[in-house]
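Heavy-atom basis, side chains included; hydrogens, waters and symmetry copies ignored. Note that this is a predicted model, so its numbers are computed, not measured. Just so we're on the same page: letters track the sequence lines, and every chain starts at 1.
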There are 2 protein chains.
Amino acid sequence: MLISTQKNHVERLCEIHHFNTIFSKELLPYVEIHTFQKKESLSQEGEPFPYLYYMVKGKAKVYMTHKNGQRTLVLFAEAPCFLGEMSLLEVEPFAKGVTAMEDITCLALPLATCKSLLLNDTIFLRNLSRILAEKARNRSETLAKSYAYPFENRFAAFILISASEGVYNEMHTEVAEFLNVSYRHLLFTLQDFVVKGVLEKEGRNYIVKNDAFLKQLRDEMID
Amino acid sequence: MLISTQKNHVERLCEIHHFNTIFSKELLPYVEIHTFQKKESLSQEGEPFPYLYYMVKGKAKVYMTHKNGQRTLVLFAEAPCFLGEMSLLEVEPFAKGVTAMEDITCLALPLATCKSLLLNDTIFLRNLSRILAEKARNRSETLAKSYAYPFENRFAAFILISASEGVYNEMHTEVAEFLNVSYRHLLFTLQDFVVKGVLEKEGRNYIVKNDAFLKQLRDEMID
DNA sequence: CATAAAGTATGCTATATCTCATATTCTAAC
DNA sequence: GTTAGAATATGAGATATAGCATACTTTATG
């Protein structure tokens, strides 16, 4: 993890990503730039999260751990998006675990100095509301729709989103839980992809050989 | 539909439902009380919706119509909740169709006079954000979890929420679509409930005979 | 290093759910 | 009122997915 507060750097990035349409100007002086490398952790689970992040580049996995100690993949966060809104709004006191899937760049606002500014910034709050409203709408709609299709389709979509540089190597147990399918059936479908030449197994990894095939399965669902 | 702007009435209701924790005081003078009877329409689909409603009592069904003219049940709205946030935030320009399932009472803020007050009211925006955040979180979580259970469970939950005074009489075609299950399978499960004596068919209606049974099926899912 | 726990892998059976076919009401439009 | 289009109803066969058993690997832990 790398923090930059260089005025130059900060201002350029804020410009590019239209900071002023998302936050009021008063917040600009507090912005830091946090960058993370692939596989790095953005937050430790269970600990309070002292920033509001606006992720402008990259992709991350968000995890949650249950009472029994089991860890579950909760969602994929893709730029541009917020991270840490939940604890800012005090919907969830503790952070979920977040891991970078690719190199990530965030505009970071330290809550220590910005919390009350944020909670009184109508530009920000309007944006947040709009984003959350869209999320709530999309999320359940897409999820519901996707369940009308066989697992093959959902899995194809998942492989596309989680593979990086043509290589899929998620843990089967975790994915099965995330996609609400039995481990057995996931393996079965995976095998089927291999037989069809869509994926190729190489040690622990699966190489995507027929991208188009997966995309077609995904797009069938989306409308 | 009945509109009241009697100061008495408005103030009493606002007091009871903690208006001041949800909106700033400046909005108080604009509040109207709108009441609807069971089966009445709160909004015509496709038309702009000129109010923000805060529903303090009752339950409603929200519908959407697709390009092809098919109408779909989208969600159940239960007090306390907002109606019309989407068009306020301009996420969706036109209203969905909303039908009262029971008698409904709403605090209504006319957008003509209140729109910009609302969009600059940090108390309101904070609340809206929090509610939407919780919705986004819950919705997908519950939905996902529920799909891990057989249809019987989801259906039981649906019957409980949609029945009024112990009578279930939704259209099977519509429900099948809403619950993402085939019409055939829905009928099959319904029949099964009848055979088990949980429901009793009476003309077009189904009388709930064994509430506890349905509740148990529902609660199995919820955790 | 040894052992336990977790992940991977595969086969078989059971079941939830879908698809299609077909008949019978109901409802709305002319 | 007649007729077309929905909605209801039921049956039989197909398939997607779950469940269980079992074996082998990898990873963590003492």
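Place Arg204(A) and Pro150(B) on DNA chain C by their nearest nucleotides, and Arg204(A) ends up nearer the 5' end. Along DNA chain D, the nucleotide nearest Leu190(B) and the nucleotide nearest Leu186(A) are compared for position; the residue whose nucleotide lies closer to the 5' end is Leu190(B).
No hydrogens or angles were tested; on distance alone, a donor-acceptor pair under 3.5 Å links the side chain of Arg184(A) to the base of dG11(C).
Distance CG (Asp192(A)) to P (dT15(D)): 14 Å, rounded to an integer number of Å. Residue His185(A) contributes atom NE2, which lies 17 Å from atom C1' of dC20(D) at whole-angstrom precision. When the P atom of dG19(D) is taken as reference, atom CG of Asn180(A) falls 12 Å away, rounded to whole Å.
Among the atoms of the strands shown, only primed sugar atoms or phosphate atoms (P, OP1, OP2) are found under 4.0 Å from some heavy atom of Thr173(B). Counting non-hydrogen atoms under 4.0 angstrom, His172(A) reaches the backbone sugars and phosphates but no base. Here Tyr206(A) lies in heavy-atom contact (under 4.0 Å) with sugar-phosphate atoms only. As judged by a 4.0 angstrom heavy-atom cut-off over every strand, Phe151(B) is placed among residues touching the sugar-phosphate backbone only.
Using a 4.5 Å heavy-atom cutoff, the side chains of Tyr63(A) and Thr72(A) are not in contact. Residues Thr189(B) and Val181(B) have side chains not in contact (no heavy-atom distance under 4.5 Å, counting atoms from C-beta outward).
If you take CG on Leu75(B) and CD on Glu141(A), they are separated by 10.0 Å, rounding to the nearest 0.5 Å.
Using a distance-only test at 3.5 Å, with no hydrogens or angles considered, no donor-acceptor pair links the side chain of Glu200(B) to the main chain of Val208(B).
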